[in-house]
**Student:** 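This structure is in structure tokens; I'll ask about it shortly.
Here is the naming used below: chain letters follow the sequence lines, and residue numbers restart at 1 for every chain.
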Amino acid sequence: MSVPADWPVEEAEALAVQKRLRPLVSATGPAPAVGSLVAGVDVAYDDERGVVAAAAVLLDYGTLEVVDESTAVGPVAFPYLPGLLAFRELPAVLEALAALQHEPDLVVCDGYGLAHPRRLGLASHLGVHTGLRTIGVAKTPFTFTHQAPGPERGAWSPLMDAGEEVGRAVRTRQGVKPVFVSVGHRIGLAEAVETTLALTPSFRLPETTRRADSLCRRALAAAVA
DNA sequence: GCGACAG
DNA sequence: ATCTTGTCGC
């Protein structure tokens, strides 16, 4: 695997790319149809060796059975800088997605979409770059504020940034911390929440994320072995 | 100016 | 992200 030739290598370039892509995000659109294909993507790092491994796992949106999976290993493309996560994760993710045998109807990202300082988080960036429908499901509130959602599964509260609802804190399981859902591309916020709950029958995180997380860790271990 | 900050 | 044992609970 390699990093795209024109990939930003420094912060100012990355900020310029975000500014250019941001107006292209669409925050409306339907949840996937039952029986369509949804993908989960995730990335694991060995920073000491500068190696990154990405995984894409395709599930049936209904049975949640795994239909296909792929991995990609390569050099780390960008340092971790809050607000610029996409530049670190996307090269490997794009390659893993391209290796799937079918194009997903929606991609679930580990992180944020419109909930981002400049409204172009990882999920939105991936969506605009590929044209795919995407959502972001993050595990922590980042810099945003929220009230605790109700205790029952499905309860939610707005995730706020500068007086604007940029996502929702969603309880996917009773007695467990909420996850933070935001629009990536070509989907509405309510539909993104609905999709997240449909992908979360048993655990805190969506099955897509859990499968991709497990697979990219194995791919990394195999790559550095 | 300093700290916090998706993964 | 990653470093990491035992332990509480379904």
**Student:** Nearest to the side chain of A/Ala44 - B/dC5, B/dA6, C/dT2?
**Tutor:**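 Selected nucleotide: C/dT2.
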**Student:** Roughly how many Å is it from CZ in A/Phe142 to P in B/dA6, rounded to a whole number?
**Tutor:**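 Distance check: A/Phe142 CZ to B/dA6 P gives 6 Å.
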**Student:** Rounded off to whole Å, could you give me the CZ-to-P distance for the A/Arg119 and B/dA6 pair?
**Tutor:**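 Taking CZ of A/Arg119 and P of B/dA6, I get 16 Å after rounding.
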**Student:** Please state how far atom NE2 in A/His125 lies from atom P in B/dG7, giving the value in whole angstrom units.
**Tutor:**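 It works out to 18 Å between those atoms.
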**Student:** Is NZ or CZ of A/Arg168 both nearer than 6.0 Å to the six-membered ring centre of A/Phe180 and within 45° of the ring axis?
**Tutor:**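 No, cation not above the ring by the 6.0 Å, 45° rule.
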**Student:** Could you pull out the closest heavy-atom pair between A/Ser70 and A/Ala96, with the gap in Å?
**Tutor:**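 Scanning both residues, the minimum pair turns out to be OG-O, 2.5 Å.
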**Student:** Taking any heavy-atom pair under 4.0 Å as a contact, classify A/Asp46: base, sugar-phosphate, or nothing.
**Tutor:**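 Touches nothing.
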**Student:** Under 4.0 Å between a side-chain N or O of A/Lys139 and OP1 or OP2 of B/dA6?
**Tutor:**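 For B/dA6, neither OP1 nor OP2 has a side-chain N or O of A/Lys139 closer than 4.0 Å.
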**Student:** Under 4.0 angstrom, heavy atoms only, what part of the nucleic acid is A/Leu84 near: base, sugar-phosphate, or nothing?
**Tutor:**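 Result for A/Leu84 = base.
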**Student:** Using whole Å, report how far CG of A/Asp110 lies from P of B/dA6.
**Tutor:**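 These atoms are roughly 12 Å apart.
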**Student:** Would you sketch DNA chain C in dot-bracket for me? Only Watson-Crick or G-U wobble pairs with both distances under 3.5 Å count, crossing pairs as [ ], other-strand pairs as |, the rest as dots.
**Tutor:** ..........
**Student:** Restricting to non-hydrogen atoms, name the atom on A/Glu11 and the atom on A/Leu81 that form the minimum distance, rounded to 0.1 Å.
**Tutor:**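 Looks like OE1-CD1, 4.1 Å.
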**Student:** Is A/Tyr45 close enough to C/dT2 that one of its side-chain N or O atoms is under 4.0 Å from OP1 or OP2 there?
**Tutor:**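 For C/dT2, OP1/OP2 do not have a side-chain N/O of A/Tyr45 under 4.0 Å.
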**Student:** Contact class for A/Gly136 (heavy atom, under 4.0 Å): base, sugar-phosphate, or nothing?
**Tutor:**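 The residue A/Gly136 makes no contact with any strand.
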**Student:** Should we count CD of A/Glu13 as having more than 12 external heavy atoms under 6.0 Å?
**Tutor:**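 More than 12 heavy atoms, drawn from other residues, nucleotides or ligands, come within 6.0 Å of this atom.
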**Student:** Below 4.0 angstrom from OP1 or OP2 of B/dG7, is there any side-chain N or O of A/Thr140?
**Tutor:**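 Yes, because at least one side-chain N or O of A/Thr140 sits under 4.0 Å from OP1 or OP2 of B/dG7.
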**Student:** In whole Å, I'd like the distance from the CZ atom of A/Arg217 to the C1' atom of C/dT4.
**Tutor:**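 Distance check: A/Arg217 CZ to C/dT4 C1' gives 12 Å.
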**Student:** Grab the CG-P distance between A/Leu122 and B/dG7 for me, whole Å please.
**Tutor:**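 These atoms are roughly 10 Å apart.
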**Student:** Crowded around A/Glu10 CD? As in, over 12 foreign heavy atoms under 6.0 Å?
**Tutor:**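 Yes - once you tally the heavy atoms of other residues, nucleotides and ligands closer than 6.0 Å, there are more than 12.
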**Student:** Is A/Glu152 atom CD crowded by more than 12 heavy atoms from other residues, nucleotides or ligands, each under 6.0 Å away?
**Tutor:**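 For A/Glu152, atom CD is crowded (more than 12 foreign heavy atoms under 6.0 Å).
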**Student:** Does the cation-pi check pass for A/Arg88 over A/Tyr45, that is, NZ or CZ under 6.0 Å from the six-membered ring centre and within 45° of its axis?
**Tutor:**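 Here A/Arg88 passes the 6.0 Å and 45° test against A/Tyr45.
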**Student:** To the nearest Å, how far apart are A/Leu90 CG and B/dG7 P?
**Tutor:**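 In whole Å, B/dG7 P and A/Leu90 CG are 15 Å from each other.
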